[in-house]
Protein chains: 2
Amino acid sequence: MTDEVRWLSEDEQRSWRAFLRGHRMLAEALDEALLVHGIRLSEYEILSMLSEAAGGRLRMSVLADMVVQSRSRLTHTATRLERLGWVERHSCLEDRRGVELVLTDAGREALENLSRVHVTSVRESLVDQMTPEEFAVLGQAMAKVVAALGGGTER
Amino acid sequence: MTDEVRWLSEDEQRSWRAFLRGHRMLAEALDEALLVHGIRLSEYEILSMLSEAAGGRLRMSVLADMVVQSRSRLTHTATRLERLGWVERHSCLEDRRGVELVLTDAGREALENLSRVHVTSVRESLVDQMTPEEFAVLGQAMAKVVAALGGGTER
DNA sequence: GGAATGTATTTGAACTTTAAACAGTTGCCG
DNA sequence: CGGCAACTGTTTAAAGTTCAAATACATTCC
């Protein structure tokens with residue numbers, strides 16, 4: 001009753017480790033690039049999602065799902081961004097339980113600069129380190145992971 | 001002086017997002033699987049590296065580099081693992097600044113079970129979601145990232 | 001209509017991570 | 001030797017994250 005485990009082959013192990021290690025280093029690099037400008041990747045993502053949403057606004061829970069953060073975490077982070085003046089909370093009129101987070105003009109302006117910094121580091125650290133084909137495969141493979149782990153709006 | 005940014009193409013953007021999102025979800029899934037057993041991935045990695053090292057022991061700074069964690073973080077985490085009785089600190093005789101972290105018998109035993117749990121979830125959530133070819137490309141691509149970001153012992 | 005149940009967000013305490021400062025050690029160079 | 005720069009690991013305090021409970025509104029079903 002104790003066995004049945006399918007261990008990883010040598011190659012699989014090597015790939016898995018590279019993935020883990022690579023992601024950690026990448027996350028570090030991306031955070032560092034943004035941190036100079038007073039923000040970190042997880043916060044940047046929030047602003048970025050808001051900027052692409054209609055009206056620059058999204059409901060807390062929808063946003064939480066998009067960036068794969070717990071609702072509680074988003075609450076705290078939103079408070080921080082609010083203090084920076086980049087975001088505002090508006091309670092929904094339709095569903096009065098809900099709260100919408102809205103990107104302010106200042107937030108949009110900040111984002112414009114941040115996105116330059118961010119894209120540049122994503123390129124340098126990730127995209128430009130591999131062939132376009134490799135990057136495409138990587139994206140396609142990870143999309144499968146997303147789908148498998150409940151890519152929808154579940155949590 | 002403000003332009004010069006090479007934005008991501010539609011496809012690149014899609015891949016990048018899948019990567020981010022996929023990794024987050026994966027990390028969540030892996031943590032969850034281990035958390036049932038009272039530990040998280042970042043701690044598991046430490047035990048795992050120790051178990052593979054000669055004598056089940058490694059110096060703090062070497063280990064910190066291997067798992068891509070700050071020294072400070074490792075210090076705290078090691079204290080936690082020490083309290084669980086899975087690890088012990090021994091100061092090096094050669095270099096008296098140094099400290100070696102040693103896997104205890106209890107730690108090795110715990111690891112045996114944990115590794116089953118872990119491998120199973122890595123397979124389910126990642127490896128088995130894609131073709132072997134895709135996984136190989138992913139590993140190879142991420143290895144390049146590691147190399148680019150200073151795969152050595154730098155930090 | 002109102003009790004029971006469900007959903008959305010917040011709160012606050014416990015815990016983890018980060019950043020900066022510290023204390024001991026080593027090693028080199030004059 | 002003497003001192004200074006560089007290194008290792010720990011400490012501390014602040015910042016961020018998690019977890020569980022609280023709050024507030026919505027919905028359902030008698």
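All chains are named by letter (A, B, ...) in the order of the sequence lines, taking the proteins before the strands, and each is independently numbered beginning at 1.
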Does this structure show an ion pair linking [X] with [Y], if we count only N-O contacts that are shorter than 4.0 Å?
{"X": "A/Glu52", "Y": "B/Arg17", "value": "yes"}
{"X": "A/Arg24", "Y": "B/Glu45", "value": "yes"}
{"X": "A/Asp11", "Y": "A/Arg14", "value": "yes"}

Next on the checklist: Using a 3.5 Å distance criterion without hydrogens, assess whether the side chain of B/Ser91 forms a donor-acceptor pair with backbone atoms of B/Val99.
Outcome noted: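 Judged by distance alone, no pair lies under 3.5 Å.
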Item to check | Options C/dA19, C/dT10, C/dT16, nucleotide nearest the side-chain atoms of A/Leu35 | outcome: C/dA19
Next on the checklist: Please pick, from C/dT17, D/dG9, D/dC19, the nucleotide with the shortest atom-to-atom distance to any side-chain atom of A/Ser72.
Outcome noted: D/dC19
Next on the checklist: What residues from residues 81-89 of chain B pass a heavy-atom cutoff of under 4.0 Å to DNA chain C?
Outcome noted: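 Output list: empty, so none.
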To the nearest Å, give me how far apart [atom1] ([X]) and [atom2] ([N]) are.
{"X": "B/Arg24", "N": "D/dT18", "atom1": "CZ", "atom2": "P", "value": "10 Å"}
{"X": "A/Met60", "N": "D/dC25", "atom1": "CE", "atom2": "P", "value": "17 Å"}
{"X": "A/Leu58", "N": "C/dA8", "atom1": "CG", "atom2": "C1'", "value": "15 Å"}
{"X": "B/Leu74", "N": "C/dT18", "atom1": "CG", "atom2": "C1'", "value": "14 Å"}
{"X": "A/Arg71", "N": "C/dT11", "atom1": "CZ", "atom2": "P", "value": "17 Å"}
{"X": "A/Leu101", "N": "C/dT10", "atom1": "CG", "atom2": "C1'", "value": "14 Å"}
{"X": "A/Gln69", "N": "D/dT17", "atom1": "CD", "atom2": "P", "value": "7 Å"}
{"X": "A/Tyr44", "N": "D/dG16", "atom1": "OH", "atom2": "C1'", "value": "21 Å"}

Checklist entry - Are B/Leu41 and B/Leu35 connected in a single hydrophobic cluster, I mean Ile/Leu/Val/Met/Phe/Trp/Tyr linked by side-chain heavy atoms less than 4.5 Å apart? => result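 Per the 4.5 Å side-chain linkage, B/Leu35 and B/Leu41 are not co-clustered.
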Checklist entry - What does B/Thr79 touch in the nucleic acid at a heavy-atom separation under 4.0 angstrom: a base, only the sugar-phosphate, or nothing? => result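 Since no nucleic acid heavy atom lies under 4.0 Å of B/Thr79, the category is nothing.
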Checklist entry - Using a cut-off of 4.0 Å on non-hydrogen atoms, how would the nucleic acid contact of B/Leu63 be classed: base, sugar-phosphate, or nothing? => result nothing
Below 4.0 angstrom from OP1 or OP2 of [N], is there any side-chain N or O of [X]?
{"X": "A/Thr77", "N": "D/dT17", "value": "yes"}
{"X": "B/Ser61", "N": "D/dG9", "value": "yes"}
{"X": "A/Arg59", "N": "C/dT9", "value": "yes"}
{"X": "B/Arg80", "N": "C/dT17", "value": "yes"}

Next on the checklist: Would you compute the distance between atom OG of B/Ser125 and atom CG of A/Leu149 and round it to the nearest 0.5 angstrom?
Outcome noted: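 Rounded to the nearest 0.5 Å, the OG-CG separation comes out at 5.0 Å.
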Checklist entry - Can you tell if the side chain of B/Leu101 reaches within under 4.5 Å of the side chain of B/Arg57, non-hydrogen atoms only? => result no
Checklist entry - For the residue pair B/Trp16 and A/His118, does the interplanar ring angle fall in the parallel (under 30°), tilted (30 to 60°) or perpendicular (over 60°) class? => result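 Tilted.
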Check: protein-nucleotides 26-29 of chain C nitrogen or oxygen pairs below 3.5 Å:
residue, atom, partner, partner atom, Å
C/dT26, OP1, B/Arg96, N, 3.0

Checklist entry - With nearest nucleotides of DNA chain C determined for B/Ser42 and A/His76 from heavy-atom distances, which residue corresponds to the more 5′ nucleotide? => result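 Its nearest nucleotide being more 5', the pick is A/His76.
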Checklist entry - Which residue, A/Arg40 or A/Thr75, contacts DNA chain C at a nucleotide closer to its 5' end, judged by nearest heavy atom? => result A/Thr75
Next on the checklist: Within a 6.0 Å radius of atom CD on A/Glu109, are there more than 12 heavy atoms belonging to other residues, nucleotides or ligands?
Outcome noted: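 12 or below, so no.
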Next on the checklist: Would you say that more than 12 heavy atoms from the other residues, nucleotides or ligands in this model lie under 6.0 Å from the CZ of B/Arg96, or not?
Outcome noted: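 Check fails, neighbour count at 12 or below.
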